[in-house]
Amino acid sequence: MTQFADFTISETLKKRIASLNFVTPTPVQAGAIPPALEGKDVLATAQTGTGKTLSFLIPILEKLATTESRSATALILLPTRELAMQVEVAFRSLNTNPANTVALVVGGMAEGPQLQLIRRGARLIVATPGRLEDYLNRKLVKLDQVKILVLDEVDRMLDMGFKPAIKRIAGCLPLSRQTLCYSATLDAQIREVVREYMSDPVRIEIGSVLKPSENVELQTFEVEQDRKQELLEHLLETGEGSFLVFVRTKHGADRVASRLVRSGHSATQIHGDRSQAQRNQALKSFSEGRHRILVATDVAARGIDVKHVAHVVNYDIPKVAEDFVHRIGRTGRAQSRGIASTFASASERSDLRKIERSLSISMKRFRVTAPQTA
């Protein structure tokens, strides 16, 4: 498939896709959409930013067009509220039929409007596992008419402890359904999910499942903890575009962002202790360019999908290679170029080399030395 117009989908949907300036499918879209349209289960391993969302929303919209129901026909499970909200927005932009209502089911937001949409017959539920399981336990939602289940970023959902919730939710779905599963990795836990919830899936593998994008320039600075802020501000003054800065702790995110603001930089932060409204506002102001810098912890940053991030900074070195790939995957998306800088102290050299070996990469190295005193 060289263009979206080549897919066996309705003319109405083709026109809407074209109006959104989508012409050529990404590899994951080209690989996953045709078998999904045929009703087959699909297991896709692909990195963040490869166009996964469209690859499951298009088959869902086609299914909704051919299925009559007054309850949920499709269910999308995702690891975070932020990602769920982005998928809901993408669905609304693609959908041309007012009858295809969508209910966003996530924690940190009022229950009333969510339940009202479900009771009115939402055709699609976009949910995080925790809140949906809560509704099921309280018998507030039925999933017995679901024809398509999407498990997006299933590796992250398992990392975050959602395995029991997914099991409970899947147990409420019809056995005769279609399942589309997306993951950045394919370890033993994911294979167990495949055995349990999928039937003879078509396997789509896009490039290496654990490798940084070639569009990202990788560099590392050997710098001690007390010089990191100074180095970050130097990069901000000499670089262009927006910066996404990753730190290890919530307290660290607040501290780095506050120091940047005191130095005259436009920065905001996102982490687990901030309310959902605060997180939404921070993400919105960063994506719209009102804040140049977003300081984030790993858990809060899951599913952040902001276009045109110029520079990712690992202020604190990630613990594992997989987190490194997820962090720097926020830049260099589509055809754009990006820079990823990692700060590491002399004592962290072995951690850095371990990440490089795991990913078969080599980063440009720079050393920040202490200023000479007279």
Side-chain angles (χ1 to χ4, degrees), residues 48 80-82 216-319 323-324 326-333 336-346 348 352 363-371:
T48 303
T80 66
R81 289 169 285 207
E82 288 78 15
V216 181
E217 180 185 337
L218 304 174
Q219 57 189 26
T220 179
F221 295 85
E222 186 170 301
V223 57
E224 294 309 314
Q225 186 69 33
D226 61 355
R227 305 286 309 280
K228 282 184 178 181
Q229 191 83 19
E230 184 186 339
L231 174 58
L232 175 58
E233 293 189 30
H234 172 74
L235 293 178
L236 285 162
E237 285 156 13
T238 55
E240 295 180 352
S242 58
F243 276 62
L244 179 52
V245 180
F246 284 100
V247 293
R248 194 168 290 139
T249 66
K250 302 166 193 173
H251 176 67
D254 284 333
R255 188 178 64 245
V256 171
S258 297
R259 284 179 182 172
L260 288 170
V261 170
R262 284 201 300 272
S263 297
H265 296 281
S266 172
T268 186
Q269 69 268 40
I270 181 169
H271 56 67
D273 277 355
R274 302 203 86 195
S275 71
Q276 188 58 39
Q278 288 173 319
R279 289 160 73 167
N280 293 350
Q281 187 55 44
L283 201 54
K284 189 167 188 279
S285 66
F286 179 64
S287 63
E288 291 177 355
R290 292 197 302 278
H291 283 99
R292 184 189 178 198
I293 309 150
L294 178 64
V295 185
T297 55
D298 278 310
V299 171
R302 301 284 183 242
I304 285 179
D305 187 12
V306 176
K307 291 179 174 64
H308 314 307
V309 174
H311 204 136
V312 167
V313 175
N314 292 313
Y315 191 93
D316 295 319
I317 190 170
K319 290 180 180 174
D323 284 339
F324 181 87
H326 276 276
R327 286 179 178 192
I328 69 171
R330 310 299 169 190
T331 187
R333 307 187 80 155
S336 60
R337 304 287 300 173
I339 299 172
S341 298
T342 299
F343 297 176
S345 66
E348 292 172 319
L352 202 60
M363 293 184 250
K364 283 186 199 168
R365 277 175 163 66
F366 301 91
R367 183 173 292 175
V368 178
T369 55

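None of these values were measured; they are calculated from a predicted model.
- Glu237 places no side-chain N or O within donor-acceptor distance of the main-chain N or O of His234, the cut-off being under 3.5 Å.
- With values rounded to the nearest 0.5 angstrom, Ser341 atom OG is found 7.5 Å from Leu231 atom CG.
- Of all non-hydrogen atoms in Ser285 and Thr268, the two that sit nearest each other are OG-CG2, 4.1 Å.
- Residues forming a side-chain hydrogen bond (donor to acceptor under 3.5 Å, both in side chains) with Arg81 (at least two apart in sequence, or on another chain): Gln276.
- Nearest heavy atom pair, residue Ser266 against residue Arg290, reads OG-O, 3.1 Å.
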**OP:** Test Lys319 against Arg248 for side-chain contact (heavy atoms from CB on, under 4.5 Å), laying out the working first.
**Re:** CA-CA 9 Å; Lys319 290 180 180 174; Arg248 194 168 290 139; 4.2 Å; yes
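- Val295 pairs with exactly one of Leu260, Ile270, Val313 by the side-chain contact (heavy atoms from CB on, under 4.5 Å) rule, that one being Leu260.
- Note: Ile317 CD1 to Phe246 CZ = 14.5 Å, rounded to the nearest 0.5 Å.
- Side chain of Thr331 to main chain of Val309: a donor-acceptor pair is present (N/O by atom type, distance under 3.5 Å, no hydrogens or angles).
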**OP:** Carefully, step by step, assess Asn314 and Ile328 under the rule side-chain contact (heavy atoms from CB on, under 4.5 Å).
**Re:** CA-CA 8 Å; Asn314 292 313; Ile328 69 171; 4.1 Å; yes
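- By the side-chain contact (heavy atoms from CB on, under 4.5 Å) test, Lys228 is found to be paired with Val223, Gln225, Tyr315, Asp316, Phe343, residues two or more places apart in sequence or in another chain being considered.
- No side-chain donor-acceptor contact under 3.5 Å links Thr297 to the backbone of Lys250.
- Nearest heavy atoms, Arg292 versus Gly239: NH2-O, 3.0 Å.
- Pairing each heavy atom of Ala310 with each of Gly241, the nearest pair is CB-CA, 3.9 Å.
- In this structure, Leu218 and Met363 approach most closely via the heavy-atom pair CB-CG, 3.7 Å.
- No more than 12 heavy-atom neighbours from other residues, nucleotides or ligands sit within 6.0 angstrom of CD on Glu240.
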**OP:** Could you walk me through whether Glu348 and Ser345 pass side-chain contact (heavy atoms from CB on, under 4.5 Å), step by step?
**Re:** CA-CA 5 Å; Glu348 292 172 319; Ser345 66; 3.4 Å; yes
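- Once rounded to the nearest 0.5 Å, the distance linking CZ of Arg259 with CD of Glu230 reads 11.5 Å.
- Each of Arg327, His311, Arg330 was scored for a side-chain contact (heavy atoms from CB on, under 4.5 Å) with Leu244, with one residue passing: Arg330.
- A salt bridge is defined here as a Lys NZ or Arg NE, NH1 or NH2 lying under 4.0 Å from an Asp or Glu carboxylate O, and Arg227 with Glu224 fails to meet this definition.
- The distance from atom NE2 of His308 to atom OG of Ser287, rounded to the nearest 0.5 Å, is 11.0 Å.
- Here Glu233 pairs with nothing under the salt bridge (Lys or Arg N to Asp or Glu O under 4.0 Å) rule; sequence neighbours left out.
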Subject >> Evaluation steps, side-chain contact (heavy atoms from CB on, under 4.5 Å), between Glu222 and Leu352 >> reply: CA-CA 10 Å; Glu222 186 170 301; Leu352 202 60; over 6 Å; no
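- Between the CZ atom of Arg279 and the NE2 atom of His271 there is a distance of 9.5 Å, given to the nearest 0.5 Å.
- To the nearest 0.5 Å, atom CD1 of residue Ile339 and atom CG of residue Leu235 are 8.5 Å apart.
- When all heavy atoms of Pro318 and Asp323 are compared, the pair lying nearest together is CB-CB, 3.9 Å.
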